[in-house]
Amino acid sequence: MRIGTLIIGACQAGVQLACSLRELGDTEPIVLVGEEPHAPYQRPPLSKAFLKGQATADSLTFRTHEFYAEHRIELVTRERIVSIKRDSTGGVATAESGRRFEFARLALTTGAVPRQIPFDGSELEGVSYLRTATDAALLEQRLQTAQNVVVVGGGFIGLEVAAGARAAGKTVTVLEAAPRLVGRAVSEATSAFYLAAHRRRGTRVVLNAQVTRFLGQHDRVTGVELASGDVIEADVVLIGVGVIARTELAEQLGLAVDNGIVVDASARCSDGLTVAAGDCANLPNPSLTPGGIERLRLESVQNAIEQAKVAAATLLGLPAEYSTVPWFWSDQADLKLQIAGLSGGHDQVVLRGDPESEKFSVLYYRAGWLIAADCVNRPLDFIAVRALLHSGQHLPAAQAGDLSLPLKKLVASALETAPAVPVLLGK
């Protein structure tokens, strides 16, 4: 049987794309193919609740098997697509097992894989990565008996795991090669806060750390050696130094690839036929302002959902463009960071609140316009900034710096002359 739409990648974006096709009235057969043994599941809890034993792959699934059956979405697990051929009328994808999938329309939601570090000792038992539920289950098992945990990489995933391990009483060291934590995502003020906050909670953080190799005995990791000559004891090492978009199938098809599969605002690939969405896609910046980055790859639940909706419409020939304000979050123990917008290229920062209180917001401006905010344990600030960015209205930095008024009141005032915004400011 020829498939109406073949979706390669059983992830957040893949599931949303399939569901959106049905919501838009598509009645053609849909097949969603994934490599993992599990039904598609939420990934963010893997570095938090899953490692605490509070969640499993089954409890994190997006939809039940009954849902897929009721909506006539065929879910195929344990199949890795290794080759695709297509033309303007459709094509065929072949799995490693030899199974073939003939299709009329094609969507790539292939996601990303952890960036590997090819150091000596990387093969030792206890050296871990975290991307899938299988990875998380193995890491959880290792953490149960470990006392010394080393996290290589001071990004969000690494810090979330570090916070959980420290709360569980482990001795934790975070090694970051850059001069500050999560330097590509947040301001210096936010980085400095998280450095101090993790250290207050007993985590050792080493910046400008250059790992040279992993040490071991009897095929198990026992330590991490730095260029300085220092050796840090380790029963478990988590490597969290970012991810790389999976583009191998796109390259087979001759699609444009540049830090991901290049798509337009309608999620359409360079062949004008295929669509791509989620972590694998390099898209036009949906909130571009003067001086901002023109294209980027977004790794977030929100992006996967919204871009997949656009991709579904595009496959059905319906007009749609991705223009949603990006947002992200990270839970590190009792610290909740919520980010609205994209702060790249900012030239001014407004600090609201005292970082020492562990409740504050950092507002980013570029050329006088508010472009993003980091909100630490300040959910109403986050909601307010999202509303303002969505509306396209202006809040001058001088007004934002008036700490005598709550930010939501300042934003509400700025929105009075704007069209209705479908985001509530809260009470």
Side-chain angles (χ1 to χ4, degrees), residues 1-22 26-43 57-58 60-114 131-135 137 243-255 257 260-261 263 267-269 271 273-281 304 308 311-312 314-316:
M1 179 185 71
R2 178 165 160 153
I3 301 162
T5 300
L6 174 64
I7 304 171
I8 302 176
C11 56
Q12 178 90 63
V15 172
Q16 182 62 58
L17 206 158
C19 293
S20 293
L21 285 171
R22 288 293 182 242
D26 183 30
T27 59
E28 294 296 315
I30 298 172
V31 175
L32 175 62
V33 180
E35 298 178 15
E36 295 189 56
H38 316 284
Y41 57 87
Q42 305 170 56
R43 293 190 189 275
D58 288 340
L60 295 177
T61 54
F62 296 121
R63 304 288 188 176
T64 64
H65 288 287
E66 290 76 18
F67 174 89
Y68 293 114
E70 290 171 6
H71 291 79
R72 292 172 294 108
I73 299 169
E74 183 182 353
L75 174 62
V76 178
T77 59
R78 303 176 188 268
E79 289 282 14
R80 185 169 79 90
I81 302 298
V82 294
S83 68
I84 309 179
K85 295 181 180 179
R86 75 158 305 163
D87 56 28
S88 60
T89 63
V92 60
T94 305
E96 194 171 42
S97 67
R99 183 173 176 180
R100 290 162 53 89
F101 300 87
E102 294 186 27
F103 60 85
R105 302 183 297 243
L106 177 65
L108 300 176
T109 57
T110 48
V113 294
R131 180 67 180 177
T132 68
T134 300
D135 295 335
V243 296
I244 300 173
R246 296 193 60 177
T247 61
E248 56 268 29
L249 294 177
E251 291 171 33
Q252 272 192 33
L253 291 168
L255 304 179
V257 170
I261 304 169
V263 299
R268 188 181 293 108
C269 300
D271 64 355
L273 302 169
T274 309
V275 297
D279 291 1
C280 68
T314 297
L315 284 178
L316 298 180

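All values derive from a computational prediction rather than experimental measurement. Computed over heavy atoms, backbone and side chain alike; hydrogens, waters and symmetry mates excluded.
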Atom [atom1] in [X], atom [atom2] in [Y]: separation rounded to 0.5 Å?
X	Y	atom1	atom2	answer
Arg72	Glu28	CZ	CD	9.5 Å
Ile261	Thr109	CD1	OG1	9.0 Å
Thr110	Glu248	OG1	CD	6.5 Å
Ile8	Cys280	CD1	SG	10.5 Å
Thr5	Arg22	OG1	CZ	8.0 Å
Ile244	Asp279	CD1	CG	13.0 Å

If you compare all heavy atoms of [X] against all heavy atoms of [Y], which two are closest, and at what distance to 0.1 Å?
X	Y	value
Ala18	Ile30	O-CD1, 3.8 Å
Val15	Phe62	CG2-CD1, 3.9 Å
Gln252	Val82	NE2-O, 2.6 Å
Ala107	Leu17	CB-CD1, 3.7 Å
Ile81	Leu249	O-CD2, 3.7 Å
Arg268	Leu273	CG-N, 4.4 Å

Do the side chains of [Y] and [X] get nearer than 4.5 Å, heavy atoms only?
X	Y	result
Asp271	Leu253	no
Glu79	Ser97	yes
Ile84	Phe103	yes

Using a strict cut-off of less than 4.0 Å between a Lys/Arg side-chain nitrogen and an Asp/Glu carboxylate oxygen, indicate whether Glu35 and Arg131 qualify as a salt bridge.
->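 Salt bridge between Glu35 and Arg131, a charged N being under 4.0 Å from a carboxylate O: no.
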Salt bridge between Arg105 and Asp26, side-chain N to carboxylate O under 4.0 Å?
->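 So Arg105 pairs with Asp26 through a salt bridge.
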Qualifying residues under ring-ring contact (aromatic ring centres under 6.0 Å, His included), relative to Tyr41, sequence neighbours excluded =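 Partners of Tyr41 under the ring-ring contact (aromatic ring centres under 6.0 Å, His included) test: His38.
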Please list, chain by chain and in numerical order, all residues satisfying side-chain contact (heavy atoms from CB on, under 4.5 Å) with Ala10, sequence neighbours excluded.
->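 So Ala10 forms a side-chain contact (heavy atoms from CB on, under 4.5 Å) with Leu32, Pro40, Leu75.
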Tell me, with the steps shown, if Leu255 and Leu108 meet side chain to side chain contact (heavy atoms under 4.5 Å, CB included).
-> CA-CA 11 Å; Leu255 304 179; Leu108 300 176; 4.1 Å; yes
List in chain and number order the residues that pass salt bridge (Lys or Arg N to Asp or Glu O under 4.0 Å) with Glu70, two or more places apart in sequence or in another chain; answer none if no residue qualifies.
->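 Partners of Glu70 by the salt bridge (Lys or Arg N to Asp or Glu O under 4.0 Å) criterion come out as none, since no residue qualifies.
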For Arg99, all residues meeting salt bridge (Lys or Arg N to Asp or Glu O under 4.0 Å), sequence neighbours excluded |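 Checked Arg99 against salt bridge (Lys or Arg N to Asp or Glu O under 4.0 Å); matches are Glu74.
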Mind running side chain to side chain contact (heavy atoms under 4.5 Å, CB included) on Leu316 and Leu21 for me, showing each step along the way?
-> CA-CA 8 Å; Leu316 298 180; Leu21 285 171; 3.8 Å; yes
May I have all residue pairs that pass salt bridge (Lys or Arg N to Asp or Glu O under 4.0 Å) and include part of residues 83-98, sequence neighbours excluded?
->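 As it turns out, the salt bridge (Lys or Arg N to Asp or Glu O under 4.0 Å) pairs with a partner in residues 83-98, which skip direct neighbours, are Arg80-Glu96.
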Does anything in residues 7-20 pair up under side-chain hydrogen bond (donor to acceptor under 3.5 Å, both in side chains), and if so which pairs, sequence neighbours excluded?
->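 Matches after skipping sequence neighbours: Gln16-Ser20.
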